Amino acid sequence: MLVSSFLLLSLTTLAQGFTLRTWDEAYALASTIVANLTLPEKASILSGVGQFDSRCVGNTTPIPRLGIPAICFQDGPAGVRLVKNVTGFPSGINAASTFSRRLMQARGQAMAEEFKAKGVHVFLGPAMDIMRNPKAGRGWESFGPDPYLNGEAAYSTIIGVQSVGVQACAKHLVANNQEHWRYGLSAIVDDRTMQELYFYPFIRAIEAGVTSIMCAYNQLNGTSSCHNAGLLGPNGLVRKAGFRGYVVSDWGATHDSVADNANAGLDMEQPGNNIVIGGGVFGVGGTNLAKSNSGVSTARIDEMATRVLAGYYRLGQDDPSYPAVSFDAQHSDGSGSLNLHVDVRSAAHTALVREIADASAVLLKNNRTSTATSGGGGSGNGSDGGSGTTIRGLPLAKERIKTMAVVGQDALLPNMSCNDLNECNDGTMSIGWGSGSNSLQYIVPPITAIQNFVGTGATIATSLSNDLSAGPAAAKGKDVAIVFVNAMSGELGGYDTVVGNMGDRNDLALWWKGGSLVEAVAAVCSNTIAVIHSVGPVSVSWSQHPNVTGIVYAGAPGEQTGPSIVDVLYGAVNPSGRLPFSIDESEASYGTSIVYNSLGFPVVNYTEQLLIDYRYMDAKGITPHYPFGFGLSYSTFAYSNLKISTSGSGATSSVVVTFTVRNSGAVAGTEIPQMYLAFPASAGEPKRVLRGFDEVKLGVGASAGVTMNLNAREISTWDVKSQSWIRPAGTFTVTVGASINDVRLTGTF
Ligand code: NOJ
């Protein structure tokens with residue numbers, strides 16, 4: 001028995017082409033190698049070779065005599081960027097909307113399989129920046145405003161990525177929450193807010209064994225993130241949280257002297273030269289670091305090099321079968337000498353992209369009614385009635401719909417060659433722009449998927465622009481009109497302003513007058529379905545319009561956007577996505593703002609502390625249009641039998657919460673139960689915080705038991721005085737339900 005499982009293990013290892021080592025094993029190996037390196041060799045693996053002088057977006061210098069290749073760093077968090085023949089995965093915010101650890105991990109693994117097959121060593125993700133403000137340009141790269149959800153998603157993604165032997169890089173450390181002025185703004189964040197909110201996802205990343213962390217462009221409390229000893233030093237946040245890997249700078253995020261950065265705790269600089277306002281501190285190839293007067297001790301350089309190599313050895317990247325880099329990111333158009341375009345896609349990855357897109361679509365509104373038109377038997381209770389029945393709302397009854405309209409530019413294929421960063425918005429929005437974008441080989445746009453699915457079963461009138469006259473003209477009198485609208489954002493940088501938005505969105509409005517388009521169509525069609533593709537919350541003042549019978553918030557779902565929306569609209573998939581943020585009309589409901597105008601780099605005070613998004617709304621008594629965690633299903637679910645047990649004390653205390661969920665409706669589906677915790681009042685916590693979620697797949701009438709565990713940290717607050725997590729005395733209230741405001745079970749401990 002023992003022998004055969006050992007053989008099995010070896011075979012698995014061989015098949016995957018790498019051996020995962022423990023940190024201790026990796027350190028032992030790395031130290032031996034470092035002892036054999038010259039100072040210039042050590043320095044050469046601690047800095048990039050220059051922004052435009054390498055195949056990947058970041059590269060170190062190879063050491064051929066020891067068989068160490070150039071370590072290749074490549075964006076980004078939603079799939080390989082600046083290459084060809086890769087899959088366009090859904091955004092991070094869509095992974096968050098699934099509330100499925102299974103899919104988060106599967107996404108990480110599938111992406112990493114493609115990074116590895118292209119020869120990349122370090123996946124520049126996941127992004128885990130808290131969506132402090134709903135308009136934050138890069139909010140969609142990460143997992144939303146809630147630290148627990150962000151942390152769980154980061155954890156699962158990293159486990160998935162590193163399971164195939166690719167290093168993950170948790171970014172951006174820290175308080176990198178707006179694009180305007182990002183190259184030097186100073187975020188002022190107090191210690192408790194840092195631990196409980198902005199640093200929290202990094203704690204989970206470290207627990208997942210992440211091999212690298214990227215320090216950010218912005219300053220934290222007046223000191224640049226990349227030479228901030230409070231973050232990176234021996235007593236800084238990351239090391240105290242148990243991080244054993246290396247810290248790499250964001251591209252050009254280094255300032256001042258080589259010693260300032262290295263001695264503060266920065267282990268590697270990328271890309272090695274100046275890119276925007278900083279950079280070049282360690283010197284291209286580490287030349288400055290290798291100088292005898294660098295001010296950095298040999299011991300420190302050894303530590304840096306050991307950390308870098310430990311990441312490489314821990315994931316078995318020294319295995320001779322690790323693929324060589326087969327692309328040239330500097331010539332992603334195919335003009336470069338090394339641009340082999342190895343095709344790393346697979347049917348399984350395409351299917352996974354569609355599954356995640358399906359599972360991340362959030363059904364915000366569904367007024368499903370059936371009305372007898374000519375003696376048919378509609379009852380208005382969801383039954384499809386007889387043949388003379390008009391059905392409104394979702395899912396669409398394919399066989400009943402004879403005339404339909406598809407309206408809106410967002411249904412259309414965008415210009416696929418607008419540039420490699422997806423900086424355009426002239427069709428469907430499936431991913432934001434900037435380095436978090438992916439290389440979309442193709443997109444199946446909604447109009448194509450709908451036409452393919454409907455075939456000759458219905459006539460489809462189209463108005464594939466946001467023209468406020470043509471849209472209603474196409475929709476008038478149709479059995480159903482589906483209106484596609486969007487809003488987009490992305491990264492500031494050398495990157496463009498898109499439709500007047502410089503990274504961060506200017507406002508929460510749908511782009512191209514999308515809200516007016518929905519209203520104009522709803523004015524003439526009593527069965528108007530709105531599909532929103534957006535990077536974050538948008539204003540939906542029209543949502544209560546009686547003719548808007550359904551709303552699907554589909555986020556930024558990646559290349560399978562069309563097929564997935566067909567799955568949800570026509571009911572092949574029962575929606576189970578949940579909002580990873582709240583949706584309300586105005587930014588004032590969210591408790592923060594973005595600093596757009598400033599005379600020089602601003603100081604941004606995080607005075608709201610822990611109160612962002614739903615936590616702020618809770619504190620101010622604001623009921624949003626759609627609360628955090630909200631999402632409808634085509635079925636209904638009943639909750640029962642809440643039990644709470646506690647054990648241990650202090651650092652060993654834990655709580656186990658169990659309950660039962662039953663599918664009480666007429667269709668199979670997946671429920672996403674969520675657990676929120678109200679701390680004792682004396683703790684000074686937000687009124688309720690997310691502390692658990694699960695996906696429960698249930699056939700009609702079926703039930704399942706759900707267990708959620710809370711560890712000591714999850715029932716503690718950060719105590720500034722003792723610099724530790726302390727469980728406050730008093731009674732905690734547990735609420736379990738289908739969103740933060742849809743509470744089904746309540747208990748205490
Ligand atoms: C800058 C971005 O902030 C970071 O996320 C990215 O990984 C690097 N550029 C490399 O492209």
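When a ligand or atom number is given, it counts from 1 through the structure's own listing order. A quick note: this is a predicted structure, and the numbers were derived from the prediction, not measured.
Using modelled atom types, one finds a donor on one side chain and an acceptor on the other under 3.5 Å when comparing H533 with T561.
Of all atoms in ligand 1, numbered sequentially from 1 with element shown, those under 4.0 Å from a heavy atom of R182 are 3 (O). With ligand atoms numbered from 1 in the order given, ligand 1 contributes 11 (O) to contacts under 4.0 Å with heavy atoms of R81. Within the listing of ligand 1, atoms 4 (C), 5 (O), 6 (C), 7 (O) sit less than 4.0 angstrom from a heavy atom of K171. Each of the following atoms of ligand 1 lies closer than 4.0 Å to a heavy atom of R138: 2 (C), 3 (O), 4 (C), 5 (O). Interface of E491 with ligand 1, defined as ligand atoms under 4.0 Å from a residue heavy atom, comprises 1 (C), 2 (C), 3 (O). Atom numbering of ligand 1 starts at 1 in the shown order; those under 4.0 Å from a heavy atom of S435 are 2 (C), 4 (C), 5 (O), 6 (C), 11 (O).
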Expected list for residues 241-250: side-chain donor-acceptor pairs under 3.5 angstrom, two or more places apart:
| residue | atom | partner | partner atom | Å |
| --- | --- | --- | --- | --- |
| R244 | NH1 | D24 | OD1 | 3.0 |
| R244 | NH2 | D24 | OD1 | 3.2 |
| Y246 | OH | Q167 | OE1 | 2.9 |
| S249 | OG | Q270 | N | 3.0 |
| S249 | OG | Q270 | O | 3.2 |

Table please: side-chain donor-acceptor pairs of residues 43-50 below 3.5 Å, with sequence neighbours left out.
| residue | atom | partner | partner atom | Å |
| --- | --- | --- | --- | --- |
| S44 | OG | E41 | O | 2.7 |
| S47 | OG | G283 | O | 2.8 |

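Tested against N133, the residues D504, T592, N177 include a single side-chain hydrogen bond (donor to acceptor under 3.5 Å, both in side chains) partner, T592.
Using cut-offs of 30° and 60° on the angle between ring planes, the pair Y217 and Y183 is perpendicular.
In this structure, Y217 is part of the shell of residues with a heavy atom less than 4.0 angstrom from ligand 1.
The aromatic ring centroids of H121 and F115 lie 6.0 Å or more from each other.
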